[in-house]
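To start, the structure itself, in structure tokens.
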Amino acid sequence: MNQPFGIDPEQLATRKQTIVLEQLPAPATLYARALSGVFKGWPRAPLKMSLPALPGLRLVRPAASLDAAALERYARVCGFIPEHGVPLTFPHLLVFPLHMLLLTDAAFPWPALGIVHLANTVRLLRPLARGDVLRVEAEFGALLRHAKGQAFVVHSRAYRRGEAVWDSDSVYLKRAVPGYGEPLYPLDIASEALVRGSRWPLPAQLGRDYAQVSGDYNPIHLSALSAKAFGFPRAIAHGMWTLAHAAAALQPGRPLAAAMFSAEFRRPMLLPSVASLWTAASSPTARELEVRDAADTHSHLRGRFEWTVQ
């Protein structure tokens with residue numbers, strides 16, 4: 001997977017409309033928007049296909065706080081310890097509502113439900129501290145060609161007093177539609193060098209626990225009954241929980257000064273189950289990794305984590 005992702009020139013042809021959101025909709029409202037758009041694009045468009053147009057929107061939260069109580073709840077669910085300081089992945093929670101608003105915008109060409117989170121790269125550019133107030137924003141980026149459909153990027157950024165401190169690229173997929181753009185390259189790591197480390201018991205309520213701290217109440221994560229409605233035999237763990245738990249397991253017991261974690265979400269992780277973390281040190285401050293099932297049959301997440309500490 002090429003990093004960082006570029007902006008598709010087709011996207012730059014239209015001037016971005018910036019919308020500042022002083023208040024966010026409640027999670028229930030966001031998912032009601034997603035459900036209301038489930039039949040978007042039905043019946044299907046005529047056979048003539050054209051490049052899909054993603055909305056030219058930049059959504060902004062001008063003052064999102066790194067609240068100490070919210071940080072503590074998130075750290076407890078994801079496995080971070082107090083010595084880690086602000087978790088590398090916590091700002092994703094601040095931008096996630098903006099992602100939902102982008103994916104449920106009337107101009108977005110597909111229903112939000114059924115969009116698959118393929119990959120994520122998270123970068124810490126400056127140290128973060130509890131109580132920081134950040135300006136966070138999100139917008140659509142490049143279209144990427146994928147064997148199973150159309151992939152696309154959502155860029156997210158966070159600023160503190162005008163200085164960029166954190167950003168991420170989230171790659172999503174709409175299945176079973178023609179794909180345009182540069183190919184989405186897989187993350188290349190030396191899987192044969194990985195060594196099994198910790199084992200993770202994944203309780204049945206993990207999806208509900210993470211939903212409560214993250215606001216991501218996608219029904220595929222909440223219960224076997226709601227997951228079966230979307231084709232899964234049981235609830236599945238959130239991909240961003242898996243990424244965060246891997247980061248917590250590998251981070252030294254000190255706050256980060258800078259870091260990058262690139263990950264691919266390769267296979268759903270059913271709940272309850274047991275997973276294992278496999279790693280190899282590519283340098284003293286970098287790890288390649290996979291999260292696999294207990295039998296070492298399937299890879300759920302593949303990634304690379306690089307860091308410097310304060």
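Note that the structure is a prediction, hence the values are computed from the model and not measured.
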Verdict with supporting geometry, Tyr159 and Val136, side-chain contact (heavy atoms from CB on, under 4.5 Å): CA-CA 6 Å; Tyr159 301 89; Val136 298; over 6 Å; no
Validation row: Arg287, Trp307 side chains within 4.5 angstrom (heavy atoms): yes
Gly253 versus Glu83, closest heavy-atom pair with distance: O-CB, 3.4 Å
Exam field: side chain His146 to backbone Ala151, donor-acceptor pair closer than 3.5 Å: no
Closest heavy-atom pair and its distance - Cys78, Tyr210: SG-CE1, 3.8 Å
With Phe261 via ring pair (Phe, Tyr, Trp, His ring centres under 6.0 Å) - residues at least two apart: Phe305
By salt bridge (charged side-chain N to carboxylate O under 4.0 Å, His left out) - contacts of Asp167 (at least two apart): Arg123
Over 12 foreign heavy atoms within 6.0 Å of CZ, Arg160: yes
Note: Lys16-Glu139 ion pair, threshold 4.0 Å (strictly below): yes
Between Arg266 and Ser299, a side-chain donor and acceptor under 3.5 Å: yes
Rounded distance (nearest 0.5 Å) linking atom CD1 of Ile115 with atom CG of Asn218: 11.5 Å
Any donor-acceptor N/O pair, Trp166 side chain to Leu88 backbone, under 3.5 Å: yes
Point-to-point distance, once rounded to the nearest 0.5 Å, from CE of Met260 to OG1 of Thr308: 12.0 Å
Side-chain heavy-atom pair Arg130, Asp132 within 4.5 angstrom cut-off: no
Non-hydrogen side-chain atoms of Arg302 and Phe265 separated by less than 4.5 Å: no
Asp105 side chain to Leu102 backbone, donor-acceptor under 3.5 Å: no
Candidate pair Val133 and Leu66, rule side-chain contact (heavy atoms from CB on, under 4.5 Å), full reasoning: CA-CA 6 Å; Val133 178; Leu66 298 182; over 6 Å; no
Flag, side chain of His99 to backbone of Leu101, donor-acceptor distance under 3.5 Å: no
Criterion side-chain contact (heavy atoms from CB on, under 4.5 Å) on Glu137 and Leu59, from CA distance to verdict: CA-CA 5 Å; Glu137 57 186 55; Leu59 302 183; over 6 Å; no
Side-chain donor-acceptor pair present, Ser170, Asn120, cut-off under 3.5 Å: yes
Exercise: identify the closest heavy-atom pair between Ala249 and Leu277: CB-CD2, 3.8 Å
Side-chain touch Phe152/Val154, heavy atoms, less than 4.5 angstrom: yes
Rounded distance (nearest 0.5 Å) linking atom CZ of Arg157 with atom OG of Ser168: 9.5 Å
Flag side-chain contact, heavy atom, 4.5 Å: Val86 against Leu71: yes
Residue pair His298 / Asp293, side-chain donor-acceptor N/O under 3.5 Å: no
Between CD on residue Gln205 and CG on residue Leu271, distance to nearest 0.5 Å: 9.0 Å
Minimum heavy-atom distance between Pro111 and Lys174, given as atom pair plus value: CD-NZ, 4.5 Å
Backbone N/O of Asp188 and side chain of Arg304: donor-acceptor pair under 3.5 Å: yes
Derivation and outcome, side-chain contact (heavy atoms from CB on, under 4.5 Å), residues Leu94 and Arg61: CA-CA 8 Å; Leu94 306 181; Arg61 295 180 65 182; 4.0 Å; yes
Modelled atom types, side-chain donor and acceptor of Ser198 and Trp200, under 3.5 Å: yes
Residue pair Ser226 / His221, side-chain donor-acceptor N/O under 3.5 Å: no
Sub-4.5 Å side-chain heavy-atom contact between Trp241 and Ser214: no
Spacing of Leu243 atom CG and Met240 atom CE [to the nearest 0.5 Å]: 5.0 Å
Test item: Glu264 side-chain N/O and Leu187 main-chain N/O as donor-acceptor pair under 3.5 Å: yes
Aromatic ring pairing Trp110/Phe108, orientation class (parallel under 30°, perpendicular over 60°, tilted between): perpendicular
Pairwise side-chain contact, Ser191 with Glu290, heavy-atom cut-off 4.5 Å (strictly under): yes
Arg145 with Glu182: basic N within carboxylate O range, under 4.0 Å: no
